[in-house]
Amino acid sequence: MSHIVILTGAGISAESGLGTFRDKDGLWTKYDLNEVATPEGFARNPDLVHEFYNARRANCQNAQPNAAHTALAHLQSTYSGRVTIITQNVDDLHERGGASDVIHMHGELFGALCAACDHRWPAPFEMLPADACPACRAAATRPDIVWFGEMPYRMDEIYQHLSGADLFVAIGTSGNVYPAAGFVADARAVGVETLELNLEPSAVAGTFDAARFGPATDVVPLWVTEVLQQS
Ligand code: OAD
């Protein structure tokens, strides 16, 4: 049985209207990531951090999955082998597009996490610094997002998937943030075939065996059709 492991980044949700981080007009050109995406920034100014993620949660609720999300879900439900989707995205567009068992290595916008006791619960639409944890009552509610300097989620499971894969595909990610940017090298090191689908070459483009460039809503459905035809 063939196992395809897919890593997605902000580029797959760009055509759904969610901003990417590092493109022209990307989120990190408007916000200082040290202020809104680090534990230190949250300790300094929780109001600002909540405001940033509340706005992103609202954007996400108004966005719809696009043809790339639904194509991957279709692949997952119809491919004769196994398809694992790992995403760096904190939106829920893979799930709303029909995908299941998505690994959110950088957390989820729709999750809340207590910084005091690690309890997790569904995020309220608007999170505020005074919100109390339903388990321990501490006013330490934060978005369940992996910030810079924190360990991404489910890494053991991810490395197991990579080492047992037949094909690794990275979609819409710039290859700037590790450990995800290193997955292509990790996969190649154990003989896994690798493919990049992106608008333009990523920072690690040279490491892939093959690549196709274009908007995700074009290149992803085309690639999925080919895989299903060949299987
Ligand atoms: P980036 O913003 O760094 O990169 C987005 C990638 O998507 C770029 O390679 C673009 O060329 C590509 N792209 C843009 N529009 C596209 C389209 N329509 N179709 C296909 N590709 C398109 O986003 P990520 O690589 O996902 O982490 O960023 C990785 C992590 O950095 C994020 O998870 C986030 C961020 O800081 C945290 O916040 C912890």
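When a ligand or atom number is given, it counts from 1 through the structure's own listing order. We count residues from 1, following the sequence as given.
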Take the angle between the ring planes of [X] and [Y] and call it parallel below 30°, perpendicular above 60°, tilted in between.
{"X": "His69", "Y": "His94", "answer": "perpendicular"}
{"X": "His161", "Y": "His3", "answer": "perpendicular"}
{"X": "Tyr159", "Y": "Phe183", "answer": "perpendicular"}

Let me check something: any side-chain donor-acceptor pairs from residues 170-180 under 3.5 Å, sequence neighbours excluded? List them with distances.
residue: Thr173; atom: OG1; partner: Gln88; partner atom: NE2; Å: 2.9
residue: Ser174; atom: OG; partner: Asn176; partner atom: ND2; Å: 2.9

message: Residues around ligand 1, heavy atom under 4.0 Å from any ligand atom, sorted by chain and number. Can you pull those?
response: Gly9, Ala10, Gly11, Ala14, Glu15, Thr20, Phe21, Arg22, Asp23, Trp28, Gln88, His106, Val146, Phe148, Gly172, Thr173, Ser174, Val177, Asn198, Leu199, Glu200, Gly214, Pro215, Ala216
message: For the backbone of Leu48 and the side chain of Asn45, can you confirm whether one donor and one acceptor N or O come within less than 3.5 Å of each other?
response: yes
- prompt: Hey, are Arg57 and Glu108 close enough for a salt bridge, meaning a charged N less than 4.0 Å from a carboxylate O?
  reply: no
